Protein chains: 2
Amino acid sequence: MAQSQLRPPTMADVARLAGVSHQTVSRVLGDHPNVRDRTRAKVLHAIEEMGYRRNFSARALVTRRTRTLGVVASDTTLYGPASTLFALEEAARAEGYLVSTVSLRRLTVDKVSEALEHLSQGGVEGVVAIAPQRSAVEALAELRHPFPVVTVGSGPSVGIPGVNVDQHLGARLATGHLLAAGHRTVWHLAGPEDWQEATDRAAGWRATLEKVGVAPPLTLRGDWSPLSGYRAGQELAGWVGRGLTAVFVANDQMALGVLRALREAGVRTPQDVAVVGFDDIPESEFFAPPLTTVRQDFAAVGKRSIALLLDLIEGREPSGASGIAIEPQLVVRASSFPYTSDQGAPPA
Amino acid sequence: MAQSQLRPPTMADVARLAGVSHQTVSRVLGDHPNVRDRTRAKVLHAIEEMGYRRNFSARALVTRRTRTLGVVASDTTLYGPASTLFALEEAARAEGYLVSTVSLRRLTVDKVSEALEHLSQGGVEGVVAIAPQRSAVEALAELRHPFPVVTVGSGPSVGIPGVNVDQHLGARLATGHLLAAGHRTVWHLAGPEDWQEATDRAAGWRATLEKVGVAPPLTLRGDWSPLSGYRAGQELAGWVGRGLTAVFVANDQMALGVLRALREAGVRTPQDVAVVGFDDIPESEFFAPPLTTVRQDFAAVGKRSIALLLDLIEGREPSGASGIAIEPQLVVRASSFPYTSDQGAPPA
DNA sequence: GACGTCATTGTGAGCGCTAACAATTCATGC
DNA sequence: GCATGAATTGTTAGCGCTCACAATGACGTC
């Protein structure tokens, strides 16, 4: 049973014990037909006996396949990237691939380059880059790599194939929802300038306002963090009573900061100012008040990007679906519901 | 420059171009001494010329090293596991290792077994299991695997080497803080029974109360989610005025739910009931009110567990530090500060 | 009963690399 | 100028596996 040589057993060892050739062992392991049942049983028994496991490297050498994909990401402790990562791994595993991740603090050209090099040394067959910053995508585009690369969240048409959620649509949903609730205009707290998603959300917000003939008010900018939302919220509080009744915040964490700042300034949400976020992090439902927000289907993102990457690796024509952006969904909660006087309905 | 054969170039190809033997190329790549500068330059040039990269599998086959570690985790979208994962990968990369992750939804014996099998097929040299559930650790203990396994968050003394934060201490800090603020007793909303960390936190809470001669009140239990905290919070609200003035909640997400439930019940925090959480997620500082909580040093956890795993892989004697639990830190904010009438001080 | 056919098993080569050893070159001292 | 050893380079042999092909056996057909 247990087996404690210095060297783990090889296929030849198993073959010897089973009284067959190493090739027959390989066939059994490879589920080939044309192996007699009795032979297969003998081999399986010998494998069990010796605790044999196929050597990954030898196999990979001759098949030229490592069945490993790489992922480059940043801010992986945030809900969005973490969810994408999870979905990516799950989808890859379903296809029999292993996923090696490199989590960077910042996606500078140098760091991205190092990450790709590191993954390349690890024999990955392809890479998914969760690269929402434009600078990261540019880095990716100019880097030479011996394997296909797919981006996530980099927006459409960047020269590198990628999968995206329709951020513009999400912003239109959020902004439109606030306008429909009777607000004359909607303010916007945007994400960092370098982020494609921030740009797309801001563009969707602006487009929605312009469509109904409203001039977009001043845009504030944060860095996605609750703290930056808090600071922006303090500024926003100063505009209450001067036309500010609704804010579309580019993510939920900043919205949390905004809510706190408004609360501290004595501004009531949603009675005085309605707030809508983006992401639907698990906490949003329990904010004070529960936050209206836009939900993205990260599982779909993961599945699609793995499918796309595998198409590229296998040399298949990518299916048409990979180009189409994934539709986000508006989740309405108390923070944008003007006719409640309490702090929101209980959770579902 | 660019190079677009069907087969990527091999060491022999480079050697031919450089007019040396493949072994010399290997030496250059391996940074061996005893290679003449001129020769090294020629080889480097040829490598650049052909866009050559060493074949990972061939290298791994002969060196018997894949320099890849595996991680098994669950709930990787939560702050704690995500932070641990990040720290693990960063520490491993610093040592030149790649990290392959398997993220499970639930750590059942079958799933853990499959995950280890999957990683094993991928040639990992060792595995870190983020296995806070006791059932997961038991699964790990009974499984045979051809590589060392290290646990994180499984508590001390489980037969498998592991790294832990001192949860008991964290709970004592939290409970002690509330008692010191003048509360007669402290209630506890615990995490799931099967989680070692939940058990340890509950034990630390109980020990602190017993030390000052207070009989621990009824323990409530949640599943870490804000929703479960909300439900528990509704129950807790019923005890206000009957001896409940302070609650130690086993994590921040549940604390968020508790805060909402109390607010909806007209109970003020911290004036009527003080609340302390655990984890210090980035959002806690902006809760209503900002949450007092216990911070864990995930980076230290990551570094230590990688160091321990590498010791095991290399056959070194693990350094003594690996057995010692990492000390958590109390972070005091408005939710436990009884002498403020507003909703808390502005963030730092 | 010889022969073809198919299922089953075995043999040999080689994937691309590193390690061990062998061979060569080079500098140095006398 | 030549021995001597060190520095540098080349040669050979696998690592453990899969692939292509060869060999064997079983079985039915005429």
Side-chain angles (χ1 to χ4, degrees), chain A residues 3 5-44 46-47 50-68 96 120-125 146-147, chain B residues 3 5-44 46-47 50-68 96 120-123 125 146:
Chain A
Q3 123 89 31
Q5 304 168 351
L6 288 82
R7 284 279 213 290
T10 70
M11 208 169 246
D13 297 330
V14 173
R16 207 169 305 122
L17 181 61
V20 297
S21 74
H22 66 144
Q23 179 58 265
T24 299
V25 177
S26 176
R27 274 190 273 256
V28 169
L29 252 18
D31 252 345
H32 277 250
N34 302 350
V35 177
R36 220 183 337 165
D37 284 351
R38 265 180 47 82
T39 310
R40 182 183 309 274
K42 268 193 305 185
V43 169
L44 255 17
I47 287 174
M50 308 190 81
Y52 170 75
R53 328 188 66 123
R54 252 188 311 199
N55 180 295
F56 165 77
S57 308
R59 220 169 118 63
L61 176 57
V62 64
T63 59
R64 299 162 177 287
R65 302 297 304 266
T66 57
R67 298 215 139 241
T68 301
S120 175
Q121 297 298 340
V124 299
E125 297 184 23
F147 41 65
Chain B
Q3 123 88 31
Q5 305 168 350
L6 289 81
R7 283 278 214 292
T10 70
M11 207 168 248
D13 296 331
V14 173
R16 206 169 306 122
L17 181 61
V20 299
S21 75
H22 66 159
Q23 180 57 264
T24 298
V25 178
S26 176
R27 274 190 272 256
V28 169
L29 253 17
D31 252 345
H32 277 249
N34 303 350
V35 177
R36 223 189 329 173
D37 285 351
R38 265 180 48 81
T39 312
R40 183 183 307 276
K42 271 193 304 183
V43 169
L44 254 18
I47 287 174
M50 308 191 81
Y52 170 75
R53 329 189 64 123
R54 253 187 310 199
N55 181 295
F56 164 77
S57 308
R59 223 169 114 63
L61 175 58
V62 65
T63 60
R64 299 163 177 287
R65 303 297 305 264
T66 58
R67 297 214 140 240
T68 302
S120 175
Q121 297 298 338
E125 296 184 23

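The model shown is predicted, which means the values in this text are computed figures rather than measured ones. Below, chains carry the letters A, B, ... as their sequence lines are ordered, and counting in each starts from 1.
The main-chain N or O of B:Val35 is never found under 3.5 Å from a side-chain atom of B:Thr39 such that the two would form a donor-acceptor pair.
B:Thr39 comes within contact range of the sugar-phosphate backbone alone, with a heavy-atom separation under 4.0 Å but no base atom that close. Residue B:Asn34 is classed as a base contact, given a heavy-atom separation below 4.0 Å to a base.
Regarding B:Arg65, its CZ atom lies at a distance of 19 Å from the P atom of D:dC15, rounded to whole Å. When the P atom of D:dG16 is taken as reference, atom CE of A:Met50 falls 13 Å away, rounded to whole Å. Distance, B:Asp37 CG to D:dT9 C1': 15 Å, rounded to whole Å. One interatomic measurement links the two molecules: CD of A:Gln23 to P of D:dG16, which rounds to 17 Å at whole-angstrom precision. Spacing between atom CE of A:Met11 and atom P of D:dC15 amounts to 15 Å, rounded to whole angstrom units. Taking atom CG on A:Leu29 and atom P on D:dC17, their separation rounds to 9 Å, with Å as the unit. Look at CZ on A:Arg27: it is 12 Å from P on D:dA20, rounded to the nearest Å.
Closest heavy-atom contact between A:Met50 and A:Pro9: O-CG, 3.7 Å. Scanning both residues, A:Gly96 and A:Arg67, for their nearest heavy atoms gives O-NH1, 3.6 Å. B:Arg7 and A:Arg64 make their closest contact through NE-NH2, 2.6 Å (heavy atoms, listed as atom of the first residue, atom of the second, distance). Contact record, A:Asp13 with A:Pro8: OD2-O, 4.5 Å, taken as the closest heavy-atom pair. Among all heavy-atom pairs drawn from B:Leu29 and B:Tyr52, the shortest one is CD2-CE2, 3.6 Å.
B:Arg64 has a side-chain polar atom (N or O) that falls below the 4.0 Å cut-off from OP1 or OP2 of D:dG16.
Each of A:Tyr52 and B:Ser21 was assigned the nucleotide of DNA chain D with the nearest heavy atom; the assignment lying further toward the 5' end belongs to B:Ser21. When the nearest nucleotides of DNA chain C are assigned to A:Arg40 and A:Leu61 by heavy-atom distance, the more 5′-ward of the two goes with A:Arg40. For the pair B:Arg53 and B:Arg36, both in contact range of DNA chain C, the more 5′-proximal nearest nucleotide belongs to B:Arg53.
Put simply, chain B comes within 4.0 Å of DNA chain C, heavy atom to any atom, from C:dG16 to C:dA20, going 5' to 3'.
Of the candidate nucleotides D:dC17, D:dA13, D:dT18, D:dA13 has the atom nearest to the side chain of B:His22.
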When you look at A:Val20 and A:Arg40, which way does the side-chain contact (heavy atoms from CB on, under 4.5 Å) test go after all the steps?
CA-CA 10 Å; A:Val20 297; A:Arg40 182 183 309 274; over 6 Å; no
